[in-house]
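Here is the structure we will look at, set down as structure tokens.
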Amino acid sequence: MAKESSSKTVPGTPLLKDELDIVIPTIRNLDFLEMWRPFFQPYHLIIVQDGDPSRTIRVPEGFDYELYNRDDINRILGPKAACISFKDSACRCFGYMVSKKKYIYTIDDDCFVAKDPSGKEINALEQHIKNLLTPSTPHFFNTLYDPYRDGADFVRGYPFSLREGAPTAVSHGLWLNIPDYDAPTQLVKPLERNKRYVDAVLTIPKGTLFPMCGMNLAFDRELIGPAMYFGLMGDGQPIRRYDDMWAGWCTKMGLPYIWHSKASNPFVNLKKEYNGIFWQEEVIPFFQSAVLSKDCTTVQKCYIELSKQVSEKLGKIDPYFNKLADAMVTWIEAWDELNPPKEAAGVPNGTAKGK
């Protein structure tokens with residue numbers, strides 16, 4: 001595990017400076033961080049290196065970071081390391097596990113700073129933080145979108161009893177340029193680009209599933225962290241590119257935007273997605289109908305019970321789901337091992353590892 005700390009600072013006091021980690025999965029040098037330096041430099045980075053652990057990943061100077069490769073994951077988790085995907089961006093969830101902060105922002109290394117229609121660079125991280133610190137309205141839709149933004153409020157007819165909202169667990173950002181399409185759609189729309197900037201934040205209603213993307217995502221780790229497992233994907237598994245969606249279905253707004261720069265190969269993606277395209281037609285109804293017992297009083301208990309239902313109901317589709325269910329249990333065991341109750345750990349929230 002490589003570490004670096006810097007005394008360099010960025011003027012001002014960034015929001016949640018000591019309460020948020022940025023998690024980045026990568027297989028290459030992180031030159032893209034130069035573009036993000038004005039926004040990311042004050043924060044602690046957790047870099048999860050996928051692929052060959054003997055390869056050296058270069059991180060630009062001036063960033064405070066920890067870098068974990070596969071050897072580190074095996075050393076820290078031992079036999080439980082099998083629950084962390086290999087050769088897939090799902091390896092990022094190891095960063096969620098080792099973080100000690102309240103909030104997580106995760107971004108892919110092919111995502112660049114976008115600009116709004118006026119040409120101003122978009123601070124995606126700041127918008128995510130504002131989303132997480134602002135209540136959501138999942139129980140009743142407000143037709144002016146986010147009622148907590150300046151210049152907006154609850155419309156006539158909105159129940160006063162619901163106007164305090166609910167805590168925001170996940171902030172899902174969007175992207176300009178390369179759309180996040182599945183392989184069949186990529187093949188029929190190879191030149192399509194998303195150029196439409198919509199200045200809006202909205203809450204996904206309670207009971208509504210959505211396809212979560214991990215390339216531009218923030219969440220309350222204390223509130224929902226143990227459920228943000230990106231599944232068992234990648235090397236040796238019959239499915240890929242469904243890791244973030246699996247976590248989204250398990251956990252259950254659009255600003256902020258980033259610039260997605262790399263279009264992956266649709267033919268390669270089709271091979272990775274082939275099983276998922278068929279399986280999702282049964283997986284989604286499973287999540288729509290899943291019910292947890294009243295005994296599930298913690299995220300961990302909910303996730304363990306969900307794993308049992310995955311094995312019982314989805315295991316009939318393919319043995320892979322039995323393996324995934326086992327990995328879900330292992331993930332929770334590893335999470336609890338590295339994240340004991342605060343009373344026992346004696347570690348105040350917001351203290352970064354190595355500081």
Side-chain angles (χ1 to χ4, degrees), residues 8-17 20-26 28-45 47 58-65 89 92 103-134 144-146 148-152 168 170-181 185-186 189-204 210-219 244 253-264:
K8 295 181 181 179
T9 59
V10 174
T13 304
L15 291 170
L16 301 181
K17 177 183 179 297
L20 180 142
D21 278 332
I22 300 175
V23 175
I24 305 170
T26 191
R28 56 182 62 86
N29 293 334
L30 295 182
D31 298 328
F32 90 114
L33 285 173
E34 290 293 355
M35 178 178 286
W36 288 100
R37 186 181 292 276
F39 309 127
F40 288 2
Q41 189 168 343
Y43 296 90
H44 182 67
L45 311 182
I47 301 164
R58 191 183 71 82
V59 182
E61 293 184 3
F63 286 93
D64 173 25
Y65 71 91
S89 65
R92 79 180 77 218
Y103 300 100
I104 293 288
Y105 174 56
T106 185
I107 185 172
D108 286 358
D109 60 13
D110 61 350
C111 295
F112 301 152
V113 177
K115 295 182 179 181
D116 67 18
S118 71
K120 180 181 178 181
E121 291 189 335
I122 300 168
N123 186 347
L125 175 56
E126 181 181 60
Q127 180 64 58
H128 275 296
I129 291 173
K130 290 179 178 178
N131 287 350
L132 290 172
L133 296 179
T134 303
L144 284 181
Y145 302 114
D146 183 9
Y148 304 104
R149 293 187 71 182
D150 291 340
T168 299
V170 177
S171 174
H172 187 269
L174 299 179
W175 48 91
L176 297 170
N177 197 34
I178 306 296
D180 188 29
Y181 286 155
T185 309
Q186 279 184 293
K189 296 183 175 181
L191 302 180
E192 186 160 288
R193 298 294 181 266
N194 178 31
K195 301 178 181 179
R196 190 163 63 100
Y197 177 90
V198 180
D199 185 9
V201 175
L202 55 86
T203 296
I204 298 170
F210 74 106
M212 190 174 81
C213 175
M215 81 167 92
N216 177 27
L217 183 74
F219 61 92
D244 41 10
M253 243 182 189
L255 291 172
Y257 284 93
I258 57 171
W259 185 268
H260 186 204
S261 68
K262 183 178 67 177
S264 48

Spacing of [atom1] belonging to [X] relative to [atom2] belonging to [Y], to within rounding of 0.5 Å:
X    : Y    : atom1 : atom2 : result
I24  : Y105 : CD1   : OH    : 9.0 Å
L16  : D21  : CG    : CG    : 11.5 Å
R58  : D31  : CZ    : CG    : 4.5 Å
I107 : I22  : CD1   : CD1   : 8.0 Å

Taking the side chain as everything from C-beta on, heavy atoms only, tell me whether [X] gets closer than 4.5 Å to [Y].
X    : Y    : value
L174 : N194 : no
Y103 : L133 : yes
C111 : W175 : no
Y65  : H44  : no
P25  : T106 : yes
I178 : D110 : no

Backbone N/O of S118 and side chain of D116: donor-acceptor pair under 3.5 Å: yes
Using a 3.5 Å distance criterion without hydrogens, assess whether the side chain of D109 forms a donor-acceptor pair with backbone atoms of L30. no
Relative to each other, are the rings of F32 and F112 parallel, tilted or perpendicular (30° and 60° limits)? tilted
According to the interplanar angle, ranging from 0 to 90°, do the rings of W36 and F39 count as parallel (below 30°), tilted (30 to 60°) or perpendicular (above 60°)? perpendicular
Give a yes or no on whether a salt bridge exists between D146 and K130, defined as a side-chain N under 4.0 angstrom from a carboxylate O. no
Looking at R92 and D244, is any side-chain nitrogen of the basic one under 4.0 Å from a carboxylate oxygen of the acidic one? no
Show the numbers, then the answer: is there a side chain to side chain contact (heavy atoms under 4.5 Å, CB included) between L125 and F40? CA-CA 8 Å; L125 175 56; F40 288 2; 4.0 Å; yes
Could you check I204 against M212 for side chain to side chain contact (heavy atoms under 4.5 Å, CB included), going step by step and ending with a plain yes or no? CA-CA 11 Å; I204 298 170; M212 190 174 81; over 6 Å; no
N123 and Q127: side chain donor to acceptor below 3.5 Å: no
Between the side chains of N216 and H128, is a donor N or O closer than 3.5 angstrom to an acceptor N or O? yes
With side chain to side chain contact (heavy atoms under 4.5 Å, CB included) as the test, would you mind laying out the steps for R37 and F63 before giving the verdict? CA-CA 8 Å; R37 186 181 292 276; F63 286 93; 3.6 Å; yes
What heavy-atom pair brings L176 and A114 nearest, and what distance separates the two atoms? CD1-CB, 4.0 Å
What is the minimum heavy-atom distance between I129 and L20, and which atoms define it? CG1-CD1, 4.0 Å
